[in-house]
Amino acid sequence: MDDKIRCQSCGMPLSTDFGNYGTHEAGAPVSEYCMFCYQGGAFTNPNQTLDEMIASSIENMTGDLGMPVEQATQMANTVIPSLKRWQ
């Protein structure tokens with residue numbers, strides 16, 4: 001995988017240019033998670049399982065990003081289980 005800073009829940013690249021950092025309870029940016037996974041100091045879907053995250057990531061990569069299913073499946077199954085949230 002590349003050297004991009006990534007959300008430690010879903011693997012999305014994080015950037016101030018994208019404005020997609022999650023937030024602490026007080027609203028300050030969190031450096032480890034994206035705004036879709038973490039807001040106000042908590043996970044947006046705290047009961048989400050690893051398998052559910054993998055499935056939703058595959059759906060996002062194939063639908064929204066137009067990535068081939070095989071590539072998205074391989075990437076999600078390789079990257080997501082290695083992220084901090086899933087350790």
Side-chain angles (χ1 to χ4, degrees):
M1 190 157 81
D2 55 37
D3 291 336
K4 292 178 183 166
I5 297 170
R6 293 187 175 272
C7 174
Q8 291 299 299
S9 177
C10 71
M12 173 186 288
L14 295 172
S15 170
T16 52
D17 292 341
F18 299 150
N20 64 345
Y21 282 97
T23 57
H24 289 287
E25 192 172 323
V30 173
S31 63
E32 294 182 305
Y33 300 107
C34 76
M35 62 190 276
F36 302 106
C37 292
Y38 201 83
Q39 293 180 13
F43 286 108
T44 57
N45 190 352
N47 297 319
Q48 186 174 36
T49 66
L50 173 59
D51 289 338
E52 290 169 341
M53 177 60 79
I54 290 171
S56 66
S57 293
I58 292 168
E59 183 178 313
N60 177 273
M61 288 188 282
T62 57
D64 295 344
L65 303 177
M67 186 180 288
V69 173
E70 299 79 20
Q71 183 182 0
T73 300
Q74 192 276 332
M75 181 180 277
N77 281 293
T78 300
V79 173
I80 295 173
S82 71
L83 300 172
K84 181 178 177 178
R85 180 177 181 184
W86 310 110
Q87 297 303 299

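Side chains are part of it too, since the values below use all heavy atoms of this structure and drop only hydrogens, waters and symmetry mates.
- Side-chain contact check for C10 versus I80: every heavy-atom pair is 4.5 Å or farther apart.
- N77 places a side-chain N or O within donor-acceptor distance of the main-chain N or O of T73, the cut-off being under 3.5 Å.
- Of the possible donor and acceptor atoms, one in the side chain of Q87 sits under 3.5 Å from a partner among the backbone N and O of P81.
- Although no hydrogens or angles enter the test, the distance criterion places no donor-acceptor pair under 3.5 Å between the side chain of T16 and the main chain of G19.
- Although no hydrogens or angles enter the test, the distance criterion places no donor-acceptor pair under 3.5 Å between the side chain of E70 and the main chain of P68.
- Here the CG atom belonging to L65 is positioned 11.5 Å from the CD atom belonging to E59, to the nearest 0.5 angstrom.
- Both L50 and M61 sit in one connected hydrophobic cluster of ILVMFWY residues. Membership requires side-chain heavy atoms under 4.5 Å apart, directly or through other members.
- Nearest heavy atoms, I5 versus S31: CG2-O, 4.3 Å.
- Partners of Q74 under the side-chain contact (heavy atoms from CB on, under 4.5 Å) rule, at least two apart in sequence or in another chain, are T78.
- In this structure a side-chain-to-backbone donor-acceptor pair under 3.5 Å is missing from N45 to C37.
- Under a 3.5 Å cut-off, the side chain of T23 and the backbone N or O of G40 do form a donor-acceptor pair.
- Follow the hydrophobic side-chain contacts under 4.5 Å out from L83 and you reach I58 in the same cluster.
- In this structure, the separation between OG on S15 and CZ on R6 is 12.0 Å, given to the nearest 0.5 Å.
- The structure places SG of C7 at 11.0 Å from NZ of K84, a figure rounded to the nearest 0.5 Å.
- As a member of the Ile/Leu/Val/Met/Phe/Trp/Tyr network built from side-chain separations under 4.5 Å, M12 groups with M35, F36.
- When atom types are taken as modelled, the side chain of R85 and the backbone of S9 share no donor-acceptor pair closer than 3.5 angstrom.
- Linking ILVMFWY side-chain heavy atoms closer than 4.5 Å, directly or via other members, places W86 and F43 in two distinct hydrophobic clusters.
- Scanning all heavy atoms of the two residues, the minimum distance from H24 to P29 falls at CD2-O, 3.3 Å.
- A side-chain donor-acceptor contact under 3.5 Å links E52 to the backbone of T49.
- Closest heavy-atom contact between S56 and Q48: OG-NE2, 3.7 Å.
- Between Y38 and Y33, the ring planes are parallel. Angles under 30° get that label, and only those over 60° would be called perpendicular.
- Residues V30 and Y21 have side chains not in contact (no heavy-atom distance under 4.5 Å, counting atoms from C-beta outward).
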